[in-house]
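Note that the structure is a prediction, hence the values are computed from the model and not measured. Proteins come first, then strands; the chains are lettered A, B, ... in the order of their sequence lines, and each starts at number 1.
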Amino acid sequence: MAGTGTGTDPAPPRLSVLLPTYNERDNLPLVVWMLVRTFRDSGIDFEIIIIDDGSPDGTQEVAEQLEKLYGSDKIVSCREMPPVLFPSGTAYIHGMKHATGNFIVIMDADLSHHVSLCFMDWLKQKEGNFDIVSGTRYKGNGGVYGWDLKRKLISRGANFLTQVLLRPGASDLTGSFRLYRKEVLQKLMEKCVSKGYVFQMEMIVRARQLGYTIGEVPISFVDRVYGESKLGGNEIVSFLKGLLTLFATT
Amino acid sequence: TMTKLGQWLCGLALLGSAWAVLALAPLGLQPPAPLRQALLPLPIYLLVVFGCYSLATVGYRLATFNDCEEAAAELQEHIRAARADLRRRGLRL
């Protein structure tokens, strides 16, 4: 139960990037290309695990082409798919079964997480030997691109509410660009039960409870290049429900 | 360990009962009148102060929310380079 943020790792570091995808036929090859280039440039050992949720647009074929192009030791395309949409939690569980790295990176496959910073997460990890490194849009030179005032207001307002109610010790709880030690992620997956963004929040809250150390790096969130991402009334309501559930149960 | 809700309820119960005892004088205790006068509206004042603090904080954070122009521009460049390279290598985009 004690935190593991001390000492150095005996094993050489290998990063497994988990990419859950749904209809990312256009973005997926670009994300993979950028990740491969960033890792090769920085000399970090890596693999990319693509977990497709049965996308009807051919994402899985693209994933397989990428696997052929870069080799199966670098790209793994998960094939045993449940037929219906599943919440992000199970995609990670599924992906982790194939992960051979000792660190896991979670990020979005839609180009909203600026890839050149993936490398920076790692550096920070080395610096502080953290159990989790969380990308934050709210500190340092982190930020967003393509958001109007209303969206930014909702984001800051929701984050403020989260800080007041949960006092989580991390500035960006709904972000999903993070690095975890493999055993830490496995432990957290067992304990977390929420879905969607609330799941990301729950991971950090539980991590704090379990005494894991959390470092932060500023990240840029570039709003979708292809297609629209909406923040409707429904999303806000479900966020509030999730926040109150975490408030009452953790 | 207590849930956050539990912590809030305990905190509120503690502060609430202290306030009730001192400001409302239910048991015939007579704290000095000026003290009671000052304490009586305290909960409302604290709520108002918290409300102002929240507005100011969210307002400040909204105003200083960074716009990542360079990251967006860099991303566009990376996309161009990626598509060119992947096409060269035979990927059907």
Side-chain angles (χ1 to χ4, degrees), chain A residues 25-27 29-34 36-38 58 61-62 65-66 68-70 111-112 114-117 137-147 149 151-161 163-168 205 209 218-223 225 244 246-250, chain B residues 1-16 18-19 42-93:
Chain A
R25 193 198 190 303
D26 293 325
N27 294 326
L30 306 177
V31 173
V32 169
W33 186 89
M34 293 177 203
V36 170
R37 187 173 74 160
T38 305
E61 286 78 67
V62 173
Q65 279 188 63
L66 289 165
K68 284 203 194 81
L69 182 60
Y70 289 109
L111 294 176
S112 54
H114 194 41
V115 167
S116 61
L117 296 175
R137 294 159 293 173
Y138 301 129
K139 273 170 127 182
N141 60 354
V144 294
Y145 180 81
W147 277 11
L149 209 64
R151 179 111 192 239
K152 284 185 183 178
L153 177 62
I154 295 177
S155 178
R156 283 296 201 174
N159 182 259
F160 178 78
L161 198 58
Q163 297 292 327
V164 169
L165 291 180
L166 301 180
R167 301 190 317 273
V205 172
Q209 282 182 335
I219 58 164
S220 300
F221 183 90
V222 178
D223 208 342
V225 175
L244 291 174
L246 285 179
F247 179 62
T249 59
T250 61
Chain B
T1 48
M2 215 185 258
T3 62
K4 291 289 181 300
L5 177 61
Q7 289 170 8
W8 276 67
L9 291 176
C10 273
L12 286 174
L14 225 72
L15 293 173
W19 174 81
L42 199 61
I44 304 290
Y45 283 168
L46 289 178
L47 230 80
V48 171
V49 166
F50 178 71
C52 293
Y53 166 78
S54 307
L55 284 176
T57 305
V58 174
Y60 173 76
R61 290 176 180 175
L62 177 61
T64 56
F65 206 163
N66 284 332
D67 273 311
C68 306
E69 311 276 338
E70 326 83 61
E74 210 181 62
L75 178 62
Q76 290 303 330
E77 262 200 51
H78 288 179
I79 291 177
R80 268 190 290 268
R83 303 187 102 178
D85 191 42
L86 287 169
R87 252 187 219 113
R88 239 187 350 107
R89 296 184 192 221
L91 204 79
R92 282 173 292 113
L93 283 171

Chain A shares the most heavy-atom pairs under 4.5 Å, among B:Val58, B:Leu86, B:Asn66, with B:Asn66
Contact leader toward chain B among A:Leu69, A:Val32, A:Asn159, where contacts are heavy-atom pairs under 4.5 Å: A:Leu69
Given heavy-atom pairs under 4.5 angstrom as the criterion, report whether the side chain, backbone, both or neither of A:Leu153 touches chain B. both
With only heavy atoms counted, which part of A:Leu244 is less than 4.5 Å from chain B, the side chain, the backbone, both or neither? neither
Heavy-atom pairs under 4.5 Å with chain A - which of B:Thr64, B:Leu5, B:Asp67, B:Asp85 has more of them than the others? B:Leu5
Can any side-chain N or O of A:Asn141 pair as donor or acceptor with the backbone N or O of B:Cys68 at less than 3.5 Å? no
Identify the two heavy atoms, one from B:Leu91 and one from A:Pro29, that lie closest to each other, and give their separation to 0.1 Å. CD2-CB, 3.7 Å
Answer with side chain, backbone, both or neither: which region of B:Glu74 has an atom nearer than 4.5 Å to a non-hydrogen atom of chain A? both
For residues A:His114 and B:Leu75, report the shortest heavy-atom separation together with the two atoms involved. CE1-N, 3.7 Å
A:Val164 versus chain B, the contacting section by heavy-atom distance below 4.5 Å: both
Are any of the side-chain heavy atoms of A:Arg151 and B:Phe65 separated by less than 4.5 Å? no
Checking B:Tyr60 against chain A: side chain, backbone, both or neither under 4.5 Å from a heavy atom? neither
When you measure from the side chain of B:Arg61 to the backbone N and O of A:Arg156, does any donor-acceptor pair fall under 3.5 Å? no
Parallel, tilted or perpendicular for B:Tyr53 and A:Phe160, by the 30°/60° rule? tilted
Tightest non-hydrogen contact, residues B:Arg83 and A:Leu30, listed as CG-CD2, 3.5 Å
Between B:Thr3 and A:Phe247, which heavy-atom pair has the shortest distance, and what is it? CB-O, 4.1 Å
Pick whichever of A:Gln65, A:Arg167, A:Arg137 has the most heavy-atom pairs under 4.5 Å with chain B. A:Gln65
